[in-house]
Amino acid sequence: KDPNQPPVVFHWFPFLGSTVVYGMEPYKFFNKCQEQYGDVFTFILLGRKMTVTLGPKGNEFVFNGKHADLCAEEAYTHLTTPVFGSGVVYDCPNHMLMEQKKFMKFGLTTETFKAYVPLIKDEVVNYFQTSPFFSGQSGKVPLSTAIPQLTLFTASRSLQGREVREALTTTHADLFHDLDMGFTPVNFMFPWLPLPHNAKRDRAQKAMAKLYLDIISRRKSGEESKKEIDMIWNLMNRSYKSGESLSDLHVAHCMIALLMAGQHTSMATTTWTLLHLAAKPEIQKVLYEEQIKVFGKDLAPLTYEKLSELKMVQNVVKEILRVHPPLHSIMRKVKSPLHVPDTNFVIPSTHYVMAAPGVSAMDEKYFKNAKEFDPFRWVGHEADEDNAEKFDFGFGLVSKGTASPYLPFGAGRHRCIGEQFANVQLGTIISTLVREFEFTLPPGQKDVPLVDYNSMVALATAPAMVHWKRRA
Ligand code: HEM
Ligand SMILES: N#Cc1ccc(COc2ccc(/C=C/c3ccc(C(F)(F)[C@](O)(Cn4cnnn4)c4ccc(F)cc4F)nc3)cc2)cc1
């Protein structure tokens with residue numbers, strides 16, 4: 001027992017360690033360990049030594065650690081590169097990822113969001129006008145089936161572009177599913193296992209990349225006029241500071257990365273939102289009244305400018321991300337022995353570090369009635385992050401999120417660049433659905449379903465059924 005190393009969580013079997021109890025219920029595991037060992041402890045995850053640092057200071061330690069000491073690409077590349085493709089995100093040096101994120105942000109401007117809102121709204125209306133789950137005056141819908149389709153259609157029509165939208169519902173629908181099956185924690189643990197689903201994943205990755213390459217070459221030959229602004233147009237013909245251009249293949253791989261990023265986080269967040277609104281109809285009423293206040297009693301069409309006036313929609317999204325942050329574990333590989341501030345601990349370079357911002361986001365110390373879904377708690381805190389300290393890592397100013405208990409989009413060098421797009425997509429979907437329907441949980445069901453942690457993001461256990469009724 002080395003006094004300079006964090007305590008190791010008790011476990012019966014070497015290698016397996018705490019894998020199952022962590023994998024099944026990460027938060028229950030983290031809270032139990034926090035009570036027993038404090039904010040810094042090490043557990044064994046399939047033979048890997050994971051040193052967890054909890055609380056605002058623990059979040060700060062991982063998110064704002066020096067890139068020389070903490071490496072994201074070594075922690076994630078086995079999971080992401082087989083799915084996204086080579087040469088991008090975690091399959092390249094960090095300074096190139098910083099430039100890729102800068103390119104991506106160039107494609108996520110106010111002008112693009114203004115164009116995206118009507119496209120997203122049309123996809124939502126088209127969905128519930130054609131989906132068998134939404135025929136008649138009332139009915140029920142399994143959100144675990146419906147929402148992944150809704151988020152895929154809305155994100156592909158806007159950010160991905162029309163050709164990708166068409167392909168994902170026809171020629172490439174099954175390929176997307178095969179690729180998606182490869183984006184799972186099991187691969188995180190056993191990337192090298194020659195499982196059949198990995199062969200399908202690899203075939204799907206090549207086919208998806210080819211779809212983007214064909215679109216890019218058609219656009220370069222002038223066949224397609226630049227009448228719409230999607231992320232493919234934005235990434236084409238970009239060059240790094242070194243002068244090296246972002247190749248068409250790497251554009252394709254960045255687009256797959258953005259497709260996977262947006263799909264999993266948005267479908268989880270949209271599903272949890274509808275479940276919590278169904279559990280609290282009084283909040284749906286407040287949202288509906290806000291639509292009337294902002295758009296008039298005839299409910300004028302949604303616009304990007306007006307979305308920012310929908311404070312209650314924003315508070316609902318903030319509260320959903322507090323109670324259900326999609327990414328429950330943030331990991332880095334330790335590159336050199338690392339002292340943990342305010343402790344005697346030095347973490348050796350054989351370890352990984354893990355942050356779990358969701359633990360402090362659900363801690364009574366920072367949020368009263370932390371377990372309660374209460375969007376009103378955010379009223380008056382609209383601009384909290386705007387005052388946080390900001391820094392530019394190469395893709396624009398981001399908040400360093402210094403020692404904050406609430407970091408659903410991370411902080412520092414690896415902070416999310418999709419936050420604004422996610423808020424536009426979620427805000428438009430929620431507003432369009434609330435105008436049209438009232439949702440309730442199935443009769444007799446008191447609360448939202450349990451969390452299924454076996455996917456890449458914290459999902460609602462299927463089928464996540466809700467009942468709906470068309471508004472008069
Ligand atoms: C509710 C929606 C979302 C949430 C909660 C979310 C959360 C996060 C978090 C926590 C990180 C930091 C990961 C780490 O530090 O290891 C991150 C990074 C990132 N996210 Fe998101 N994300 C969301 C949506 C999106 C969307 C829609 C996109 C793309 C359009 C996106 C693209 C990215 C990228 C490119 C990174 C950078 C990864 C890095 O620098 O290592 N995210 N996101
Ligand atoms: N037996 C067993 C057993 C054991 C353990 C378990 C549970 O173990 C775990 C461990 C970790 C995790 C999730 C972490 C994690 C990290 C990174 C990423 C990501 F990189 F992919 C992402 O950040 C995602 N992202 C960001 N923004 N939007 N999406 C991203 C970045 C850039 C990008 F361009 C595209 C991206 F999409 N995804 C997920 C889930 C489960 C289950 C079973």
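Both ligands and their constituent atoms are indexed starting at 1 by order of listing.
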Engineer: Report, in ascending order of atom number, the atoms of ligand 1 lying under 4.0 Å from any heavy atom of H414.
Structural biologist: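 With H414 as reference, the close atoms of ligand 1 come out as 12 (C), 15 (O), 18 (C), 37 (C), 38 (C), 39 (C), 40 (O), 41 (O).
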Engineer: Can an N or O of Y76 be found at a distance shorter than 3.5 Å from an N or O of ligand 1?
Structural biologist: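 Yes, at least one N or O pair falls under 3.5 Å.
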Engineer: Ring centroids only, cut at 6.0 angstrom: are H67 and H95 within range, meaning strictly under it?
Structural biologist: no
Engineer: Run through L274, I320, V317 and flag the one making a side-chain contact (heavy atoms from CB on, under 4.5 Å) with I430.
Structural biologist: V317
Engineer: Taking only heavy atoms of P408, which atoms of ligand 1 are found under 4.0 Å from at least one of them?
Structural biologist: 5 (C), 7 (C), 10 (C)
Engineer: Check residues 244-251 and write down every donor-acceptor pair under 3.5 Å in which the side-chain atom is one partner and the other belongs to a residue at least two apart or another chain.
Structural biologist:
from	atom 1	to	atom 2	distance (Å)
S247	OG	H250	N	3.0
D248	OD1	K220	NZ	2.9
D248	OD2	K220	NZ	3.1

Engineer: Give the numbers and elements of all ligand 2 atoms closer than 4.0 Å to a heavy atom of T265.
Structural biologist: 28 (N), 29 (N)
Engineer: Could you check atom 43 (C) of ligand 2 against the protein and tell me its nearest heavy-atom contact, residue, atom and distance included?
Structural biologist: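 Protein heavy atom at minimum distance: N454 OD1, 4.1 Å.
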Engineer: Flag this pair as yes if the NZ/CZ of R415 is under 6.0 angstrom from the six-membered ring centre of F63 and inside a 45 degree cone about the axis; otherwise no.
Structural biologist: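 No, R415 does not sit over the ring of F63.
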Engineer: Between T77 and T81, is there a side-chain donor-acceptor contact under 3.5 Å, judged purely by atom types and distance?
Structural biologist: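 Yes, a side-chain donor-acceptor pair sits under 3.5 Å.
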Engineer: What protein heavy atom sits nearest atom 4 (C) of ligand 2, and how far off is it?
Structural biologist: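 Atom 4 (C) of ligand 2 sits closest to the protein heavy atom M189 CE, 3.5 Å.
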Engineer: Less than 6.0 Å separating the ring centroids of Y22 and F43?
Structural biologist: yes
Engineer: Among L327, D180, L259, which residue meets the side-chain contact (heavy atoms from CB on, under 4.5 Å) test with H264?
Structural biologist: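 Result: among L327, D180, L259, D180 is the only option passing the side-chain contact (heavy atoms from CB on, under 4.5 Å) with H264.
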Engineer: Identify, for atom 11 (C) of ligand 2, the protein heavy atom at the shortest distance, and state residue, atom and that distance.
Structural biologist: M331 CE, 3.3 Å
Engineer: Please tell me whether F84 and Y76 form a close aromatic pair, meaning their ring centres lie under 6.0 Å apart.
Structural biologist: no
Engineer: Is at least one protein non-hydrogen atom found at under 4.0 angstrom from atom 22 (C) of ligand 2?
Structural biologist: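 When distances to the protein are checked, atom 22 (C) of ligand 2 has no heavy atom within 4.0 Å.
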Engineer: For F183, take its heavy atoms, then give the atoms of ligand 2 lying under 4.0 Å from any of them.
Structural biologist: 21 (F), 37 (F)
Engineer: Within a radius below 2.8 Å of atom 21 (Fe) of ligand 1, how many protein N, O or S atoms are present?
Structural biologist: 1
Engineer: Does the side chain of Q149 reach to within under 4.5 Å of the side chain of T151, using non-hydrogen atoms?
Structural biologist: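 Result no, sub-4.5 Å side-chain heavy-atom pair not found.
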Engineer: Is it true that E319 and R377 have a side-chain N and a carboxylate O under 4.0 angstrom from each other?
Structural biologist: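 Yes, charged N to carboxylate O under 4.0 Å.
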Engineer: For P326, state whether at least one heavy atom is located under 4.0 Å from any atom of ligand 1.
Structural biologist: yes
Engineer: Should you measure from each heavy atom of G262, which atoms of ligand 1 turn up under 4.0 Å away?
Structural biologist: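 Counting atoms of ligand 1 from 1, those under 4.0 Å from G262 are 27 (C).
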Engineer: Does any non-hydrogen side-chain atom of T461 lie less than 4.5 Å from one of V451?
Structural biologist: no
Engineer: Between R165 and D230, is there a side-chain N and carboxylate O pair less than 4.0 Å apart?
Structural biologist: no
Engineer: Go through it in stages, so that I can follow the logic: the residues are K102 and E99, the test is salt bridge (Lys or Arg N to Asp or Glu O under 4.0 Å), and I'd like the CA-CA distance, side-chain angles, deciding distance and then a yes or no.
Structural biologist: CA-CA 5 Å; K102 178 182 59 178; E99 289 203 74; 3.2 Å; yes
Engineer: So if I count the atoms of ligand 1 from 1 in the order they appear, which ones are less than 4.0 Å from some heavy atom of T269?
Structural biologist: 1 (C)
Engineer: Going by heavy atoms, is H264 under 4.0 Å from ligand 2?
Structural biologist: no
Engineer: Going by the order shown, which atoms of ligand 1 are within less than 4.0 Å of some heavy atom of L97?
Structural biologist: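 Atoms satisfying the 4.0 Å criterion: 39 (C), 40 (O), 41 (O).
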Engineer: For ligand 1, which atoms sit closer than 4.0 Å to a heavy atom of F63?
Structural biologist: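 Once the distances to F63 are compared, the set is 15 (O).
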Engineer: Quick one: look at H328 and ligand 2, take heavy-atom pairs under 4.0 Å, and tell me if it's side chain, backbone, both or neither.
Structural biologist: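 Looking at H328 and ligand 2, just side chain atoms fall under 4.0 Å.
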Engineer: Output side-chain donor-acceptor pairs under 3.5 Å for residues 6-17, partner residues at least two apart or in another chain, one line each.
Structural biologist:
from	atom 1	to	atom 2	distance (Å)
H11	ND1	V9	O	2.9

Engineer: Salt bridge between E35 and K32, side-chain N to carboxylate O under 4.0 Å?
Structural biologist: no
Engineer: Between V89 and ligand 1, which residue portion shows a heavy-atom distance shorter than 4.0 Å: side chain, backbone, both, or neither?
Structural biologist: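 Under 4.0 Å from ligand 1, V89 contributes no heavy atoms.
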Engineer: So, are K333 and E73 salt-bridged, with charged N and O less than 4.0 Å apart?
Structural biologist: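 Result for this pair is no, no salt bridge flagged.
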Engineer: Taking 4.0 Å as the limit for heavy-atom contacts, which would you say applies to Q263 with ligand 1: side chain only, backbone only, both, or neither?
Structural biologist: neither
Engineer: So, do T269 and P326 sit near enough that their side-chain heavy atoms are less than 4.5 Å apart?
Structural biologist: yes
Engineer: Ring centroid separation for F393 and F391, is it under 6.0 angstrom?
Structural biologist: yes
Engineer: What are the atoms of ligand 2, with element, lying closer than 4.0 Å to any heavy atom of A261?
Structural biologist: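 Close to A261: 28 (N), 29 (N), 35 (C), 36 (C), 37 (F).
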Engineer: With backbone taken as N, CA, C and O and side chain as the heavy atoms from C-beta onward, which portion of L327 lies under 4.0 Å from ligand 2: side chain, backbone, both, or neither?
Structural biologist: side chain
Engineer: Starting from atom 16 (C) of ligand 2, which protein heavy atom do you reach first, and at what distance in Å?
Structural biologist: Y76 CE2, 3.4 Å
Engineer: For ligand 1, which atoms have a heavy atom of Y90 less than 4.0 angstrom away?
Structural biologist: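 Once the distances to Y90 are compared, the set is 38 (C), 39 (C), 41 (O).
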Engineer: Which ligand 1 atoms are under 4.0 Å away from a heavy-atom of R332?
Structural biologist: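 Every atom of ligand 1 under 4.0 Å from some heavy atom of R332: 14 (C), 15 (O), 16 (O).
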Engineer: For R238, enumerate each residue passing the salt bridge (Lys or Arg N to Asp or Glu O under 4.0 Å) test, keeping only those at least two apart in sequence or located in another chain.
Structural biologist: none
Engineer: When rounded to the nearest 0.5 angstrom, what distance separates OG1 in T19 from CE in M50?
Structural biologist: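 Rounded to the nearest 0.5 Å, the OG1-CE separation comes to 9.5 Å.
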Engineer: Write out the residue and atom name of the closest protein heavy atom to atom 32 (C) of ligand 2, then the distance separating them to 0.1 Å.
Structural biologist: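 So the nearest neighbour among protein heavy atoms is V89 CG1, 3.9 Å.
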Engineer: Could you list which atoms of ligand 2 come closer than 4.0 Å to a heavy atom of T19?
Structural biologist: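 Selected atoms, number and element: 1 (N), 2 (C), 4 (C).
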Engineer: With no hydrogens and no angle check, is any side-chain donor or acceptor of K57 less than 3.5 Å from a backbone partner on P341?
Structural biologist: no
Engineer: Answer side chain, backbone, both or neither: which part of A257 comes under 4.0 Å from ligand 2, heavy atoms only.
Structural biologist: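 It is both parts that get close, each with some atom under 4.0 Å.
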Engineer: Looking only at protein heavy atoms, identify the closest one to atom 19 (C) of ligand 2 and say how far it is in Å.
Structural biologist: T80 CG2, 4.3 Å
Engineer: Nearest protein heavy atom to atom 29 (C) of ligand 1, by residue and atom, and its distance?
Structural biologist: L258 CD2, 3.6 Å
Engineer: Thinking salt bridges, do E228 and R157 make one under a 4.0 Å N-O criterion?
Structural biologist: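 Between R157 and E228 there is a salt bridge, with a charged N closer than 4.0 Å to a carboxylate O.
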Engineer: Just to be sure I read this right, does ligand 1 sit under 4.0 Å from the backbone of K101, its side chain, both, or neither, counting only heavy atoms?
Structural biologist: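 Near ligand 1, K101 shows its side chain, while the N, CA, C and O stay back.
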Engineer: If you have a sec, work out which protein heavy atom is nearest atom 31 (C) of ligand 2 and how many Å separate them, to one decimal?
Structural biologist: Y90 OH, 3.8 Å
Engineer: At a 4.0 Å threshold, what atoms of ligand 2 neighbour a non-hydrogen atom of S329?
Structural biologist: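 The atoms of ligand 2 under 4.0 Å from a heavy atom of S329 are 14 (C).
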Engineer: Numbering the atoms of ligand 2 from 1, which are under 4.0 Å from a heavy atom of P185?
Structural biologist: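 What qualifies from ligand 2 is 41 (C), 42 (C).
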Engineer: Please state which protein non-hydrogen atom is closest to atom 10 (C) of ligand 2 and give its distance, to 0.1 Å?
Structural biologist: Y22 OH, 3.6 Å
